[in-house]
Colleague: 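Structure in structure tokens, see below.
Being a predicted model, the structure only gives us computed values, none of them experimental.
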Amino acid sequence: MRKIGFDNELYIKKQKEHILERIEGANGKLYLEFGGKLFDDYHASRVLPGFDVNAKIKLLRELKDQAEIIFVISAGDIEKTKMRADLGITYDEDVLRLIDNITKLGIEVNSVVITRYAGQVAADAFSAKLNQHGIKNYFHKSIEGYPTDIDHICSEKGFGANPYVETTKPLVVVTAPGPGSGKLATCLSQVYHETQRGIPAGYAKFETFPIWNIPLNHPVNLAYEAATADLDDVNMIDPYHLEAYGETTVNYNRDVEAFPVVKSTLAEISNSNFDYKSPTDMGVNMAGYAIFDDEAVSYASKQEVIRRFFATKCGYRQGKEKKSAVDKIKLIMKKLDITPDDRPVVVAALNKEKEVNLPAAAIELPDGTIVTGKASELMSASSSVVLNAIKAITNIDDDLTLLTPIILEPILDMKTNILGSRSTKLDLGDVLTALSVSGATNSLAIKAMTGLEKLRDCDFHSTQMLQAGDERVLRELGLRATSEPIYPSTDLFF
């Protein structure tokens with residue numbers, strides 16, 4: 001059974017109070033850099049069981065009368081079609097998705113800032129699309145000497161050369177679809193322009209991880225290191241906070257390294273009352289106060305590290321990740337004294353594969369029961385195990401067949417002989433479509449489908465890397481999927 005260890009309501013209450021204090025301290029306008037994801041923060045919900053994946057947007061909804069949002073995206077990321085791996089969409093598509101979702105909640109979206117612009121054709125096309133939809137957007141070019149040449153940066157040829165984004169609310173949230181988008185530079189540029197116009201403005205940072213007031217090597221903070229292994233982020237004691245207050249707090253290397261420059265830049269351009277003495281001071285992060293069951297949170301975080309280990313190993317096998325990222329997560333697992341076998345579905349899937357000598361998969365149900373499935377001539381192991389799981393959840397006898405070859409074979413024939421697919425097995429999407437159609441004549445199929453929503457947040461493991469169709473549907477069902485770094489075939493195109 002999954003245990004809850006995080007009080008989401010308390011977190012939102014404390015976070016809101018802290019933000020309102022910062023707005024008041026800015027004496028005019030606060031630019032709040034939002035790290036992490038506005039919607040769908042699944043990492044936080046996995047390591048802090050009880051955390052609402054949309055906690056941040058719910059917080060902003062409570063502040064909507066005082067807040068507006070600026071989205072930031074790097075022109076280079078648009079050009080490279082950088083992807084959000086958890087959603088399978090590009091960063092520019094995600095910006096559009098986020099704007100749609102936020103405006104429907106009644107929160108004001110001010111504009112989009114395209115950073116590090118150097119004439120990229122794809123960035124021009126994205127700007128044109130935004131213009132077609134009436135969304136204000138601006139280009140910020142790279143500033144020579146950024147971030148260290150403070151005199152040049154804080155001048156008309158530095159931040160002054162950026163277009164000014166006119167805002168009207170006391171809280172301006174600056175957010176992005178992913179890291180490295182230029183949120184900090186955009187915040188500082190706006191603070192510069194506001195100050196030039198005589199408007200008091202300050203800066204703060206909303207960042208959930210690492211959590212500053214739990215130990216450096218707490219599983220939650222180590223799970224964050226595992227999640228950012230490809231960025232070479234390292235959690236560390238904030239030396240500036242320790243020196244200023246004699247208090248041990250946790251931050252991460254990039255913020256610690258950047259602090260002297262950010263502090264000096266703010267001193268040059270800001271007329272707010274903030275006198276930050278450490279990067280921890282800059283943060284608005286009350287998550288640590290909402291943890292009420294450390295054991296539950298620690299267990300969940302260790303499970304997340306193991307998931308990241310498998311994801312990174314598969315990424316390395318596909319040429320998408322560096323070996324150093326795999327090695328880093330191995331070291332984190334040693335620190336936590338855990339192995340892949342500490343993820344129960346891993347052991348179950350591998351044992352099933354040995355038993356049947358076929359690719360296999362396993363799902364851990366909400367009550368702790370583990371269900372397995374194997375590949376067949378008709379369907380993938382993912383399809384098989386999901387069918388077995390929903391039968392178990394809805395108390396349908398395992399011996400009863402939900403889908404017969406009479407239903408599945410014509411679908412496979414169309415897929416291979418008419419649509420030209422090279423796959424000789426039905427993926428999970430095909431099988432669930434067949435199940436829904438069968439519901440017209442089969443009451444068991446209708447009953448089984450009611451179990452699908454109960455698979456959300458269940459652990460899943462496959463003994464082979466997942467085909468795109470299976471991976472997409474597992475993600476949409478909310479399963480926490482991992483797989484062995486083994487290709488399902490010898491085909492080069494995977």
Colleague: Below 4.5 Å, heavy atoms only, C-beta onward: do L98 and T175 meet side chain to side chain?
Modeller: no
Colleague: Could you tell me whether the side chain of N110 and the main chain of I70 form a donor-acceptor pair under 3.5 Å?
Modeller: no
Colleague: Below 4.0 angstrom, N of the basic side chain to O of the carboxylate: do K205 and D255 qualify?
Modeller: yes
Colleague: Heavy-atom distance under 4.5 Å between the side chains of L365 and L455, does that happen here?
Modeller: yes
Colleague: Surrounding CD of E62 (heavy atoms of other residues, nucleotides or ligands, distance under 6.0 Å), is the total greater than 12?
Modeller: yes
Colleague: Would you please indicate yes or no on a ring centroid separation below 6.0 angstrom for F6 and F292?
Modeller: no
Colleague: Centre-to-centre under 6.0 Å for F310 and H461, is that the case here?
Modeller: yes
Colleague: Taking the six-membered ring for Trp, are Y203 and Y31 closer than 6.0 Å centroid to centroid?
Modeller: no
Colleague: Within the supplied structure, the quantity of interest is the number of heavy atoms (other residues, nucleotides, ligands) at a distance under 6.0 Å from Y146 OH; does it exceed 12?
Modeller: yes
Colleague: Check whether more than 12 heavy atoms from other residues, nucleotides or ligands sit under 6.0 Å from atom CD of Q196, and answer yes or no.
Modeller: yes
Colleague: For T463 versus A349, what's the shortest heavy-atom pair and its separation?
Modeller: CG2-O, 3.4 Å
Colleague: Are H218 and D294 close enough that a side-chain donor and a side-chain acceptor fall under 3.5 Å?
Modeller: yes
Colleague: Inspect the surroundings of CG in D337 and state if more than 12 heavy atoms from other residues, nucleotides or ligands are less than 6.0 Å away.
Modeller: no
Colleague: Under 3.5 Å, is there a donor-acceptor pair linking the side chains of N221 and Y252?
Modeller: no
Colleague: Are P179 and L231 side-chain neighbours, meaning at least one heavy-atom pair lies under 4.5 Å?
Modeller: yes
Colleague: Can you see which heavy atom on S278 is nearest to which on D238, and at what distance?
Modeller: CB-OD2, 3.4 Å
Colleague: Should the pair R97-D94 be classified as a salt bridge under the 4.0 Å nitrogen-to-oxygen rule?
Modeller: yes
Colleague: How close do G145 and I153 get, counting heavy atoms only, and between which atoms?
Modeller: O-CD1, 3.8 Å
Colleague: On the 0 to 90° scale, with breaks at 30° and 60°, tag the Y11-F206 ring pair as parallel, tilted or perpendicular.
Modeller: perpendicular
Colleague: Roughly how far, to the nearest 0.5 Å, is the NE2 atom of H133 from the CG atom of D100?
Modeller: 8.5 Å
Colleague: Between D459 and R343, is there a salt bridge with N-O shorter than 4.0 Å?
Modeller: yes
Colleague: For the pair K322 and D230, evaluate salt bridge (Lys or Arg N to Asp or Glu O under 4.0 Å) and give the outcome as yes or no after the intermediate values.
Modeller: CA-CA 7 Å; K322 300 176 290 186; D230 59 324; over 6 Å; no
Colleague: Crowded around K129 NZ? As in, over 12 foreign heavy atoms under 6.0 Å?
Modeller: no
Colleague: Determine the minimum heavy-atom distance between P147 and V261, stating which atoms define it.
Modeller: O-CG1, 2.8 Å
Colleague: So, T249 versus T280: side-chain donor-acceptor pair below 3.5 Å or not?
Modeller: yes
Colleague: So do the side chains of I69 and I107 get within less than 4.5 Å of each other, counting heavy atoms only?
Modeller: yes
Colleague: Do the side chains of F159 and T265 get nearer than 4.5 Å, heavy atoms only?
Modeller: yes
Colleague: Looking at N213, L216, I214, N217, which hits side chain to side chain contact (heavy atoms under 4.5 Å, CB included) with V250?
Modeller: L216
Colleague: Please say whether more than 12 non-hydrogen atoms of neighbouring residues, nucleotides or ligands are located less than 6.0 Å from CD in E247.
Modeller: yes
Colleague: Checking ring-ring contact (aromatic ring centres under 6.0 Å, His included) for the pair H43/Y224: CA distance, chi angles, key distance, verdict?
Modeller: CA-CA 9 Å; H43 174 81; Y224 169 75; 7.1 Å; no
Colleague: Between V172 and Q190, is the side-chain contact (heavy atoms from CB on, under 4.5 Å) condition met? List the steps.
Modeller: CA-CA 10 Å; V172 183; Q190 282 296 110; over 6 Å; no
Colleague: Checking the side chain of S127 only, and the main-chain atoms of A123 only, is there a donor and an acceptor separated by less than 3.5 Å?
Modeller: no
Colleague: Would the distance check show the side chain of N253 and the main-chain N or O of V234 forming a donor-acceptor pair, the cut-off being under 3.5 Å?
Modeller: yes
Colleague: Can you tell me if R116 uses its side chain to pair, donor with acceptor, with the backbone of A75 under 3.5 Å?
Modeller: no
Colleague: Go through the side-chain N and O atoms of Y164 and E194 and say whether any donor and acceptor fall under 3.5 Å apart.
Modeller: yes
Colleague: When you compare the side chain of F309 with that of I338, does any pair of heavy atoms fall below 4.5 Å?
Modeller: no
Colleague: Please check if the side chain of N54 supplies one atom and the backbone of I57 the other of a donor-acceptor pair under 3.5 Å.
Modeller: no
Colleague: Salt bridge between E108 and K169, side-chain N to carboxylate O under 4.0 Å?
Modeller: yes
Colleague: Among E17, K56, K58, find the residue that satisfies the side chain to side chain contact (heavy atoms under 4.5 Å, CB included) test when tested with I12.
Modeller: K58
Colleague: Distance-only, no hydrogens or angles: does the S45 side chain make a donor-acceptor pair with backbone N or O of Y42 under 3.5 Å?
Modeller: yes
Colleague: Just by distance, do the side chain of S270 and the backbone of A201 share a donor-acceptor pair under 3.5 Å?
Modeller: yes
Colleague: Any donor and acceptor pair, going by atom type alone, linking the side chain of E207 with main-chain N or O of G283 inside 3.5 Å?
Modeller: no
Colleague: Determine whether E484 and S462 satisfy the following criterion, side-chain contact (heavy atoms from CB on, under 4.5 Å), listing intermediate values before the conclusion.
Modeller: CA-CA 6 Å; E484 298 293 324; S462 166; over 6 Å; no
Colleague: Is D275 salt-bridged to K277, going by a charged N under 4.0 Å from an acidic O?
Modeller: yes
Colleague: So which atom in D77 and which in S181 form the shortest heavy-atom distance, rounded to 0.1 Å?
Modeller: OD2-OG, 4.3 Å
Colleague: Just checking, is any N or O donor in the side chain of T90 or E93 under 3.5 Å from an acceptor N or O on the other one?
Modeller: yes
Colleague: Does T369 form a side-chain contact (heavy atoms from CB on, under 4.5 Å) with E364? I'd like the steps, not just the answer.
Modeller: CA-CA 6 Å; T369 303; E364 184 174 0; over 6 Å; no
Colleague: Short question: side chain of T195, backbone of V191 - any donor-acceptor pair under 3.5 Å?
Modeller: yes
Colleague: Starting from the C-alpha separation in whole Å, work towards a yes-or-no answer on side-chain contact (heavy atoms from CB on, under 4.5 Å) for V173 and E68.
Modeller: CA-CA 6 Å; V173 171; E68 58 190 303; over 6 Å; no
Colleague: With a 4.5 Å limit on heavy-atom distance, are the side chains of D124 and F139 in contact?
Modeller: yes
Colleague: Does R84 pair with D92 as a salt bridge, N-O distance under 4.0 Å?
Modeller: no
Colleague: Which heavy atom in A362 sits nearest to a heavy atom in I370, and how many Å separate them?
Modeller: CB-CG2, 4.1 Å
Colleague: Tell me whether the NZ or CZ atom of K263 lies within the 45° cone about the ring axis of Y276 and under 6.0 Å from its centre.
Modeller: no
Colleague: Are R46 and F51 in a cation-pi contact, defined as NZ or CZ under 6.0 Å from the six-membered ring centre and within 45° of the axis?
Modeller: no
Colleague: Are K323 and D327 ion-paired here, with the side-chain N under 4.0 Å from a carboxylate O?
Modeller: yes
Colleague: Any donor-acceptor pair under 3.5 Å linking the side chain of N285 with the backbone of A287?
Modeller: yes
Colleague: Side chains of P219 and L336, heavy atoms from C-beta outward: is any pair under 4.5 Å?
Modeller: yes
